[in-house]
**Student:** 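Sharing a structure here in structure tokens format.
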Amino acid sequence: MLVRIHGAISNCYLLLGDRPVLVDTGAPGDLKRILSALKANGVRPKDLAVILLTHGHGSQAGCAAELRRRSGAKIVVHQGDAELVRNGENGVLAPTSSLARIIRPFVDEPFEAFEPDVLFRDGFSLEPYGAKGQVLATPGHTLGSASVILGAGEAIIGDVLRGSMLLPNKAREHFFCNDQELNTRSIVRLAREGLMRCYPGNFGSFSGSELHRFLATSTGEVMELSSEPV
Ligand SMILES: [Zn+2]
């Protein structure tokens, strides 16, 4: 089972399998929200099997260091984002729209730096930690962005795309993307997973068919990419 935890500016997800797994840790200041969501689901911090970050931005890694102290759980992140979390800074945050340019100063805050316990490159399995999930590298938003493919066709996709601020079940380009071409390849890769539901780092979830609709309507280049091996 997947539980969405609403942070101040982003989502975290609690996976309730044989052992609980926390995917992302909110922005600095989200600690209370996360601890109360754990409690509401009968999970003590010490029960967490592992803390996985979809990427190294402060809205995902903001409470990671403190949650590790409280839980003893290892922090797993893709090696491409290791420097971000070691520095406790977002690094380059390339806006994709004029709205993104306006909100950047409000979301680009430093967070507590930490040394990750586990760095992975291509993929990572959550099965040894008691959760049915495979982590795929889906770079573009950041170099080390990753998505978690769960059973039953669900996926936690970090900031590969976001949900809509207003409408349910809509996929939108994220506010920030450091490498658009790489990100498009990652969306294509996700589309090939036959997903039923995508859970983004911002706003609400959307269906697998909405992911395909986003791909089909974004650019012609995307359609060409979709026929290439990724
Ligand atoms: Zn991000």
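The analysis underlying the following values was restricted to heavy atoms, covering all of them including side chains, and did not include hydrogens, waters or symmetry mates. Note that ligands are numbered from 1 as they come in the structure, with each ligand's atoms numbered from 1 the same way. It should be emphasised that the depicted structure is a prediction, and the values quoted were computed from it without experimental measurement.
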**Student:** As an exercise, state the distance from OG of Ser207 to CG of Leu195, rounded to the nearest 0.5 Å.
**Tutor:**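 These two atoms lie 10.0 Å from each other.
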
**Student:** Tell me every residue that passes ring pair (Phe, Tyr, Trp, His ring centres under 6.0 Å) with His55, counting only those two or more places apart in sequence or in another chain.
**Tutor:**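 Testing His55 for ring pair (Phe, Tyr, Trp, His ring centres under 6.0 Å), a comparison that skips the adjacent residues, returns His57, His141.
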
**Student:** Flag yes if Leu2 and Ile149 sit in one hydrophobic cluster, no otherwise; membership is Ile, Leu, Val, Met, Phe, Trp, Tyr, and two members link when side-chain heavy atoms are under 4.5 Å apart.
**Tutor:** no

**Student:** For the atom pair CD (Glu210) and CZ (Arg197), what is the distance rounded to the nearest 0.5 Å?
**Tutor:**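 Glu210 atom CD to Arg197 atom CZ measures 9.5 Å (nearest 0.5 Å).
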
**Student:** Tell me the angle that NE2 of His55 and NE2 of His141 form around the Zn ion (ligand 1), rounded to 10°.
**Tutor:** 100°

**Student:** Under 2.8 Å from the Zn ion (ligand 1) - does any N, O or S atom of His57 fall there?
**Tutor:** yes

**Student:** Of all the N, O or S atoms in Asp159, which has the shortest distance to the Zn ion (ligand 1)?
**Tutor:** OD2

